[in-house]
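Here is the structure we will look at, set down as structure tokens.
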Amino acid sequence: MPSIPDHQLLRLLAELKAAYHGFAWESEMWVRHGHRRSPYRVLVLFGLSARTRDALLSEMCRRFFQRFPDAEALSETKDGAAGDAWGIVRAGQLPIVASMAKELKSGVPRDREGLLRINGVGDKIAECVLAYGWGEDALPLDANCVRVLDRVFGLGWGKKQPAPLREHLKCVYRKLYREFADLFISMVDVHEVLRLHGQVCCTRTPECARCPLSECKSRRMPRDVEKSAEVSAGMWENWRELINEPAAV
């Protein structure tokens, strides 16, 4: 397992959270909208998210939820959910739709084992459902997060499976829980802070001049203090609203 010193990880997250001030993280969103959060919608959105851009994913899920508003509607389709979803999702996504229809007859599982029984659901999606759907401590850790950590700490991790890295970060979080709490960083916020930075500055072609970090082993050019890494507070607004139950009229 690549080495990430505990307090260096904490400093990295603190610097990024301060740099993207004003952005609402999931821990804050849960306080506001946790009562409306739908594990079913979370499962569908993240289950269909693979290799799908956010704008296309949002439109796909809107159409999907119009046709299948809840797990019961998905499970009770007469001609099979996959057939009814044809034209809404891509052909390669039909197997996960069919599997969700089969496995959700008793509702969305609240445990990892139950979620992993759904064809097409792996560790990342299961972590997403636990964190965003059920409000549990979980850490999705997508490719953006892995890329940021790989570059900042010079891990040489590349495209290896992120599971060992995820478990390492969970251990650090639990060990330094009080320090994370003082910074108002929950476990899922670790994912969100890293993911946002990976989408804004540390992209596939990194914008090092805008990077707010004091240290990075892969920095290509000096930081330009006149350039800002700030982003719109509503950057993830579309998909974030989709995982909530519709507001009452």
Side-chain angles (χ1 to χ4, degrees), residues 4 6 9-10 13-14 16-17 23-50 57 61 65 70-72 74-75 96 99-100 103-146 148-149 161-196 198 236-237 239-246:
I4 302 178
D6 296 355
L9 173 65
L10 191 65
L13 295 167
L16 290 178
K17 192 168 188 285
F23 197 83
W25 307 105
E26 171 59 16
S27 56
E28 301 169 53
M29 299 299 289
W30 184 267
V31 171
R32 300 179 198 171
H33 304 297
H35 64 287
R36 291 179 53 208
R37 193 59 61 77
S38 165
Y40 165 72
R41 285 173 165 253
V42 172
L43 174 60
V44 171
L45 184 137
F46 286 104
L48 299 180
S49 67
L57 177 64
C61 287
F65 295 139
D70 51 38
E72 183 179 4
L74 182 64
S75 298
I96 191 172
S99 185
M100 283 191 289
E103 299 292 341
L104 300 187
K105 294 185 183 298
S106 299
V108 177
R110 196 166 183 166
D111 62 287
R112 176 184 303 277
E113 292 72 22
L115 290 166
L116 293 177
R117 282 198 292 270
I118 301 171
N119 180 31
V121 170
D123 288 337
K124 178 196 164 185
I125 296 175
E127 295 280 333
C128 285
V129 176
L130 293 173
Y132 290 95
W134 292 113
E136 306 283 355
D137 274 348
L139 186 60
L141 205 69
D142 70 6
N144 292 289
C145 305
V146 175
V148 170
L149 294 171
Q161 290 297 317
L165 185 56
R166 177 186 295 115
E167 294 309 310
H168 174 69
L169 296 184
K170 284 184 176 182
C171 288
V172 174
Y173 177 85
R174 295 182 182 115
K175 187 192 306 182
L176 302 181
Y177 177 79
R178 291 184 179 179
E179 288 91 334
F180 278 92
D182 288 342
L183 293 169
F184 299 99
I185 298 176
S186 70
M187 187 180 286
V188 70
D189 291 341
V190 174
H191 159 74
E192 292 214 333
V193 171
L194 294 172
R195 180 175 188 259
L196 183 67
W236 295 340
E237 188 174 30
W239 69 262
R240 276 178 156 173
E241 182 56 29
L242 279 171
I243 61 177
N244 293 329
E245 294 286 0

Check: Asp111 side chain, Gly114 main-chain N or O, donor-acceptor pair, under 3.5 Å: yes
Side chain Asn144, main chain Leu196, donor-acceptor under 3.5 Å: no
Rounded to the nearest 0.5 Å, how far apart are [atom1] of [X] and [atom2] of [Y]?
| X | Y | atom1 | atom2 | value |
| --- | --- | --- | --- | --- |
| Leu139 | Leu141 | CG | CG | 5.0 Å |
| Asp123 | Leu116 | CG | CG | 6.0 Å |
| Leu9 | Glu179 | CG | CD | 11.5 Å |

Grab the two heavy atoms, one from [X] and one from [Y], that are nearest each other, plus how far apart they are.
| X | Y | answer |
| --- | --- | --- |
| Ile243 | Arg41 | CA-CB, 3.9 Å |
| Val188 | Glu26 | CG1-CG, 3.5 Å |
| Ile4 | Leu165 | CD1-CD1, 3.8 Å |
| Met187 | Asp137 | SD-C, 3.7 Å |
| Val121 | Ala126 | CG1-N, 4.0 Å |
| Ile125 | Gly47 | CD1-CA, 3.8 Å |

Do the charged groups of [X] and [Y] touch, with an N to O distance under 4.0 Å?
| X | Y | answer |
| --- | --- | --- |
| Glu241 | Arg36 | yes |
| Arg37 | Glu245 | no |
| Glu136 | Lys170 | no |

CA sep, side-chain torsions, deciding dist, call: Asp70, Leu74, side-chain contact (heavy atoms from CB on, under 4.5 Å): CA-CA 6 Å; Asp70 51 38; Leu74 182 64; over 6 Å; no
Contacts of type ring-ring contact (aromatic ring centres under 6.0 Å, His included), residue Phe180, not counting sequence neighbours: Tyr173
Residue list, ring-ring contact (aromatic ring centres under 6.0 Å, His included) with Trp239, at least two apart or on another chain: Phe46, Tyr132, Trp236
Worked verdict on Trp25 versus Trp30 for side-chain contact (heavy atoms from CB on, under 4.5 Å): CA-CA 9 Å; Trp25 307 105; Trp30 184 267; over 6 Å; no
Pairwise side-chain contact, Leu194 with Leu13, heavy-atom cut-off 4.5 Å (strictly under): yes
Check against side-chain contact (heavy atoms from CB on, under 4.5 Å), Leu10 and Val172: CA-CA 9 Å; Leu10 191 65; Val172 174; over 6 Å; no
Glu237, CD: over 12 other non-hydrogen atoms inside 6.0 angstrom: no
side-chain contact (heavy atoms from CB on, under 4.5 Å) between Ile118 and Leu43, intermediate numbers included: CA-CA 10 Å; Ile118 301 171; Leu43 174 60; 3.8 Å; yes
